[in-house]
Amino acid sequence: MKFGLRPMEGGSDFTPTLEQIEAAEELGFDSVWFAEHYTPDEQWWPTSLLNLAAVASRTTEIELGSNIIVAPFYNPVWLANAVAMLDVISEGRFTCGLGVGYDPTEFDAFGVSLDDRVGRTIETTILLKKLWTQDRISFDGKHFSVDDYGIAPQPQQDPRPEIWYGVWGDYLLEQAAKRADAWIPGAVASREVLEEKQALYDDHLEGSPESRPLLRDIVIGETRTKAMEHAKDHLDEKYQIYAGRGHQFFEDYEADKFEEFARERIIVGTPEECIEEIKTYRDTLDLDHMIFRFTYPDMDTEETMETMETIATEVLPAFD
């Protein structure tokens, strides 16, 4: 089983994040993933591909992934070229996670209609696969057209970088099964919803996915009670942001419901309790790649590094 991390995000100083990822590689983490949002807050950064290019230049082995690129915001020709270049820079370490987005503020800023997000994502997926594997292509879709065009360089990976879909809707899960190499569920859904969505995804699969990953928040403490207190300190604000943006899994979220939401969404407790929760997720969902998010805006670099080292030395060895 592989283990990855979402590193420190947000703010105007990227150096601590690079240092954290270098340490993560030394500690034995298998992968690092960047989200992207295009709103003026301190929770996330934009342009995950730029962030990962910087990481690629400072690491040698850790796998790199986008979790996720908001596909409707991009011209697929630009995206195909950018990903190919990142794959060359990283010597074939990149996994391309795509999603459809949901925040009206971002769509308004990019001049893209929410009504077009699914169609643009599907056409982008088709074009990426073609551009990464063929010398020249032509394509005439509803949203994008290409006439006798090819990219250079091609990605280093043969035949191409994997595409993982980070989506939730029933139709999109069907598309993930048919068009993507894997489905990467985020940290926002309850266990019950995860099982329901995975069953729907599996119903449409022909064969086995390339991976079964999962992103989850993890908060470790001396006791489960203390860990839950820390979790609320760190995550309540993020959950309220999700609710304010109209996220489908946080429409009825309020601060007094935190523990109710956390029990189904956060790996929380002592290292031993976290190990057992991870095993439950692994066995229930047949996971082979767990990605941890354990850095939050109110945490300083020292606390982040201590948490990462605790996970690496007290949790991960249970899965060797």
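Values below: every heavy atom of this structure, side chains too, minus hydrogens, waters and symmetry copies.
How far CG of L5 is from CG of D30: 10.5 Å, rounded to the nearest 0.5 Å. Separation of atoms OG1 (T39) and CD1 (I241) is listed at 8.0 Å; rounding is to 0.5 Å. Remark: M8 CE to F294 CZ distance equals 8.5 Å, nearest 0.5 Å. Atom CZ of R216 is separated from atom CD1 of I291 by 12.0 Å, given to the nearest 0.5 angstrom. Here the CG-CG distance, from L79 to L98, works out to 6.5 Å after rounding to the nearest 0.5 Å. To the nearest 0.5 angstrom, D135 atom CG is 13.0 Å from Y149 atom OH.
Between the side chains of S138 and D148, not a single donor N or O lies within less than 3.5 Å of an accepting N or O. When only modelled atom types and interatomic distance are considered, Y281 and R191 share a side-chain donor-acceptor pair under 3.5 Å. Counting only N and O atoms by type, the side chains of E264 and S190 include no donor and acceptor under 3.5 Å apart.
Considering every non-hydrogen atom in both V268 and C274, the closest pair reads C-SG, 4.0 Å. Of all non-hydrogen atoms in A231 and I266, the two that sit nearest each other are CB-CD1, 4.2 Å. Scanning both residues, V77 and N75, for their nearest heavy atoms gives N-OD1, 2.8 Å. Closest heavy-atom contact between T124 and A71: OG1-O, 4.4 Å. I69 and S48 make their closest contact through CG1-OG, 3.5 Å (heavy atoms, listed as atom of the first residue, atom of the second, distance).
Residues passing the salt bridge (charged side-chain N to carboxylate O under 4.0 Å, His left out) test with R293 are D217, sequence neighbours excluded. Every residue meeting the salt bridge (charged side-chain N to carboxylate O under 4.0 Å, His left out) condition with K197, not counting sequence neighbours, appears here in chain and number order: D170.
In this structure, F249 has its ring center no closer than 6.0 Å to that of F261.
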* Test ring-ring contact (aromatic ring centres under 6.0 Å, His included) applied to F144 and F139, step by step -> CA-CA 8 Å; F144 304 106; F139 178 84; 8.2 Å; no

* To do: Would you please test F292 and F29 for ring-ring contact (aromatic ring centres under 6.0 Å, His included) and show each step?
  => CA-CA 10 Å; F292 294 130; F29 282 87; 7.1 Å; no

* I would like to know whether F107 and Y102 meet ring-ring contact (aromatic ring centres under 6.0 Å, His included); could you show each step before the answer? => CA-CA 8 Å; F107 279 83; Y102 67 89; 8.8 Å; no

* Using the side-chain contact (heavy atoms from CB on, under 4.5 Å) rule, take Q240 and Y253 through it: C-alpha gap first, then chi angles, then the decisive distance, then the call. => CA-CA 7 Å; Q240 292 193 46; Y253 177 75; 3.8 Å; yes

* To do: Please report the C-alpha distance between I220 and T307 in whole Å, then the side-chain angles of each, then the deciding distance to 0.1 Å, and finally whether the side-chain contact (heavy atoms from CB on, under 4.5 Å) criterion is met.
  => CA-CA 8 Å; I220 297 177; T307 300; 5.6 Å; no

* Given L128 and V83, is the side-chain contact (heavy atoms from CB on, under 4.5 Å) satisfied, shown in steps? -> CA-CA 9 Å; L128 292 179; V83 168; 5.7 Å; no

* Asked: Between V315 and T310, is a side-chain contact (heavy atoms from CB on, under 4.5 Å) present by the stated rule, with each step listed?
  -> CA-CA 7 Å; V315 175; T310 297; 5.6 Å; no

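For the pair P72/D116, no side-chain contact is recorded, criterion being any heavy-atom separation below 4.5 Å from C-beta on. Counting only heavy atoms from C-beta outward, the side chains of D103 and Y38 never approach each other to under 4.5 Å. Contact check for E273 versus E276: no side-chain heavy atoms found under the 4.5 Å cut-off. Looking at D252 and K257, their side chains come closer than 4.5 Å, going by heavy atoms from C-beta outward. For the pair P161 and W132, the minimum side-chain heavy-atom distance is below 4.5 Å. By the 4.5 Å heavy-atom criterion applied to side chains, R224 and M228 are counted as neighbours.
Residue-environment remark: CD (E272) exceeds the threshold of 12 foreign heavy atoms within 6.0 Å. Annotation for K129: atom NZ counts as buried by contact number, over 12 foreign heavy atoms lying within 6.0 Å. Heavy-atom contacts from other residues, nucleotides or ligands closer than 6.0 Å to CD of Q134 number more than 12.
Clustering ILVMFWY residues whenever any of their side-chain heavy atoms sit less than 4.5 angstrom apart, transitively, puts L127 in the very cluster that holds W78. Cluster membership check: L50 does not share its hydrophobic cluster with F73, using side-chain heavy-atom separations under 4.5 Å among Ile, Leu, Val, Met, Phe, Trp and Tyr. The same ILVMFWY cluster, assembled from side-chain heavy atoms under 4.5 Å apart, contains both Y74 and V146.
With F34 as the fixed residue, the side chain to side chain contact (heavy atoms under 4.5 Å, CB included) test singles out one of N51, L64, N67, L49: N51. Tested against L214 for a side chain to side chain contact (heavy atoms under 4.5 Å, CB included), the candidates I278, L285, I184 yield a single pass: L285. Each of K2, R93, H289 was evaluated against E63; a single residue qualifies, K2, per the side-chain hydrogen bond (donor to acceptor under 3.5 Å, both in side chains) test. Evaluated for a ring-ring contact (aromatic ring centres under 6.0 Å, His included) with W33, the options W164, F3, F94 yield exactly one hit, W164. The one candidate from Q157, Q154, R160, Q156 that meets the side-chain hydrogen bond (donor to acceptor under 3.5 Å, both in side chains) condition with D87 is Q157.
Side chain of W183 to main chain of V167: a donor-acceptor pair is present (N/O by atom type, distance under 3.5 Å, no hydrogens or angles). When atom types are taken as modelled, the side chain of E25 and the backbone of T60 share a donor-acceptor pair closer than 3.5 angstrom. Checking side-chain atoms of S66 against main-chain N and O of G97 turns up a donor-acceptor pair under 3.5 Å. A donor-acceptor pair under 3.5 Å is formed between the side chain of E123 and the backbone N or O of H143. Between the side chain of W44 and the backbone N or O of E9, no donor-acceptor pair lies under 3.5 Å. Judged by distance alone, with hydrogens and angles left aside, the side-chain atoms of D140 form no donor-acceptor pair with the main-chain N or O of S145 at under 3.5 Å.
Remark: R282 is not positioned above the aromatic ring of F319, lacking an NZ or CZ atom under 6.0 angstrom from the ring centre and at most 45 degrees off the axis.
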